[in-house]
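Input: a single structure, listed below in structure tokens.
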Amino acid sequence: MATDFKSIPIIDIGPLLSKSDDPDMGSDPGVAQVVEQLDLACREAGFFYVKGHGVPDPLVKEVRSIARKFFHLPYEEKLKIKMTPEAGYRGYQRLGENITKGVPDLHEAIDCYTEIKPGRYGALGKPMEGPNQWPQHPPNYKELMEEYISLCTGMIFCPLFTFVCSSELSRKIMRGIGLALGGSPSEFEGDRAGEAFWVTRIIGYPGVPDANGDNKTDNDVGCEAHTDYGLLTLVNQDDDITALQVKNLSGEWISAPPIPGTFVCNIGDMLKIWSNSLYESTLHRVVNNNAKYRVCVAYFYEPNYDAIVEPLDFCIQKSGGVRKLGKSVYGEHLVSKVQTNFA
Ligand SMILES: N=C(N)NCCCC[C@H](N)C(=O)O
Ligand SMILES: O=C(O)CCC(=O)C(=O)O
Ligand SMILES: [Fe+2]
């Protein structure tokens, strides 16, 4: 469990990014400082902001703006890319279609996943197979999102922003987290997350017409309390609305207000297992009490689809030799969530 944190720390990861491909990065004093902050944030809150992340601000804003335009289209237009189990759970879901803790969430979203070719992971991959469904409108939607996703992940195609192609943001943060746990920078590479499966949710949360927060009922929660499923989440949220809340040990909801130029990062369930609960996936929810419609693009960096996840030996040793969690297969965890997430 997280501690009684009252706020979420901000970490400038610039020094980590610039040294991430140096095999001896751990002995760089700038990197060591970032690593220490990551360790503290992961132990105390499971949440932190990153600044100095290198993803160009115009692109970060543009993906939110194009998402807003999509959500404002007529319902019939949005339904052209309706999410279905047959489409590998990829595509558009209407308001109230996503269910968390048995309650319909007050959000609409487009879900996209790393594309899985038929047969790639056998029966394990079957439910998630398929290409993504991208809207025809606004034009350029697919190109922009793929550009963004490629910078968050670290893939090679970057037609629009070639100059920051080396971003590999999530992989580099995970190198820092490997060190923070007391392991090597490459702890989350190879069979673990060398072929990281990414998930992107483009989410819209309606505002409340009279903007009176006291009128809210349970049915007005944008997204009920949940943990994320993989390794690391990068949240790109609207600059002017506070809606994301993180639960601390006493059960208080601590807000994660937007801080322009940053992503909110949080730990997922698979990192909790690998770290033997040294780091935990913290419960969070979204309540949009604002009059305005809120947009968020959540990018999830996850293990290899077929990764077998179990507490790492050095993390067990750090926990006094006690193994706290069992084994999980990431793809099974994802499928079990996805198959119960929808009305
Ligand atoms: N990939 C992620 N994290 N998606 C979060 C979706 C919202 C929570 C989901 N209904 C649930 O109950 O898990
Ligand atoms: O909208 C947000 O700020 C976060 C969304 C979220 O937690 C999720 O989709 O998993
Ligand atoms: Fe989440």
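All figures in this text were calculated on a predicted structure; none of them were measured in a lab. Ligands are counted one by one from 1 in listed order, and the atoms in each one are counted from 1 as well. This chain uses plain numbering: 1 for the first residue, then up along the sequence.
- Tyr92 and Phe70 have perpendicular rings, their planes meeting at more than 60° on a 0 to 90° scale where under 30° would count as parallel.
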Query - Intermediate values then yes/no, salt bridge (Lys or Arg N to Asp or Glu O under 4.0 Å), Arg175 and Asp22 - result: CA-CA 11 Å; Arg175 285 175 71 79; Asp22 177 347; over 6 Å; no
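- Where the criterion is an N or O separation shorter than 3.5 Å, residue side chain and backbone included, Asn341 meets it with respect to ligand 1.
- Under the 4.0 angstrom criterion for non-hydrogen atoms, Arg285 is not in contact with ligand 2.
- At a cut-off of 2.8 Å, measuring from the Fe ion (ligand 3), the protein N, O or S atoms that fall short of it are His226 NE2, Asp228 OD1, His284 NE2, waters left aside.
- The backbone N or O of Cys152 sits less than 3.5 Å from a side-chain atom of Ser170, completing a donor-acceptor pair.
- Not a single N or O atom of Cys223, backbone or side chain, sits closer than 3.5 Å to an N or O atom of ligand 1.
- Under 4.0 angstrom from ligand 1, the non-hydrogen atoms of Arg201 all belong to its side chain.
- The nearest heavy-atom contact from the protein to atom 5 (C) of ligand 2 is Tyr205 OH, 3.4 Å.
- For Asp105 (side chain) and Glu224 (main-chain N/O), a donor-acceptor pair under 3.5 Å exists by modelled atom type.
- Proximity of Val199 to ligand 1 is not established, as no heavy-atom distance is less than 4.0 Å.
- The backbone of Ile99, and not its side chain, has at least one atom closer than 4.0 Å to an atom of ligand 1 (non-hydrogen atoms only; backbone = N, CA, C, O).
- Ion pairing between a basic and an acidic side chain is recognised when a charged N comes within 4.0 Å of a carboxylate O; Arg192 and Glu187 show such pairing.
- The backbone N or O of Arg323 sits nowhere less than 3.5 Å from a side-chain atom of Asn276 that would complete a donor-acceptor pair.
- Between Gln237 and ligand 2 there is no heavy-atom distance shorter than 4.0 Å.
- Less than 6.0 angstrom separates the ring centroid of Phe47 from the ring centroid of His284.
- For ligand 2, the atoms sitting less than 4.0 Å from at least one non-hydrogen atom of Phe300 are 8 (C), 9 (O), 10 (O), numbered in the order shown with element in parentheses.
- Using a 4.0 Å heavy-atom cutoff, His107 is absent from the residues neighbouring ligand 2.
- Within ligand 2, counting atoms from 1 as listed, the ones closer than 4.0 Å to a heavy atom of His226 are 6 (C), 7 (O), 8 (C), 10 (O).
- Under 4.0 Å is where a charged nitrogen must lie from a carboxylate oxygen, and between Asp228 and Lys337 no such pair does.
- Shortest contact from atom 8 (C) of ligand 1 to any protein heavy atom: Thr100 OG1, 3.3 Å.
- The pair Arg90-Glu115 does not meet the salt-bridge criterion, since no charged nitrogen lies less than 4.0 angstrom from a carboxylate oxygen.
- The Val235 neighbourhood of ligand 2 comprises atoms 3 (O), with distances under 4.0 Å to a heavy atom of that residue.
- Note: no N/O pair closer than 3.5 Å links Lys337 and ligand 1 by distance alone.
- Counting only distance, with no hydrogens or angles, the side chain of Lys272 and the backbone of Ile267 share no donor-acceptor pair below 3.5 Å.
- Between Glu195 and Arg120 there is a salt bridge, since at least one side-chain N of the basic residue sits less than 4.0 Å from a carboxylate O of the acidic one.
- Residue Asn98 has at least one N or O atom closer than 3.5 Å to an N or O atom of ligand 1.
- Under a 4.0 Å N-O distance rule, the pair Lys19/Asp28 qualifies as a salt bridge.
- Remark: ligand 2 atoms within the under-4.0 Å shell around heavy atoms of Ile203 are 5 (C), 9 (O).
- Distance alone, capped at 3.5 Å, is enough to place a donor-acceptor pair between the Gln237 side chain and the Ala256 backbone.
- Near Arg294, with a cut-off below 4.0 Å to any heavy atom, the atoms of ligand 2 are 1 (O), 2 (C), 3 (O).
- At distances below 3.5 Å, not a single donor-acceptor pair connects side-chain atoms of Glu44 with backbone N or O atoms of Phe5.
- With ligand atoms numbered from 1 in the order given, ligand 2 contributes 7 (O) to contacts under 4.0 Å with heavy atoms of His284.
- For ligand 1, the polar-atom distance check finds no N/O of His226 at less than 3.5 Å from any of the ligand's N/O atoms.
- In this structure, the protein non-hydrogen atom closest to atom 13 (O) of ligand 1 is Tyr229 OH, 2.6 Å.
- Between Tyr330 and Tyr305, the ring planes are perpendicular. Angles over 60° get that label, and only those under 30° would be called parallel.
- Residue contact check: Cys296 has heavy atoms under 4.0 Å from atoms 1 (O), 2 (C), 3 (O) of ligand 2.
- Near Asp228, meaning under 4.0 Å from one of its heavy atoms, ligand 1 places the atoms 3 (N).
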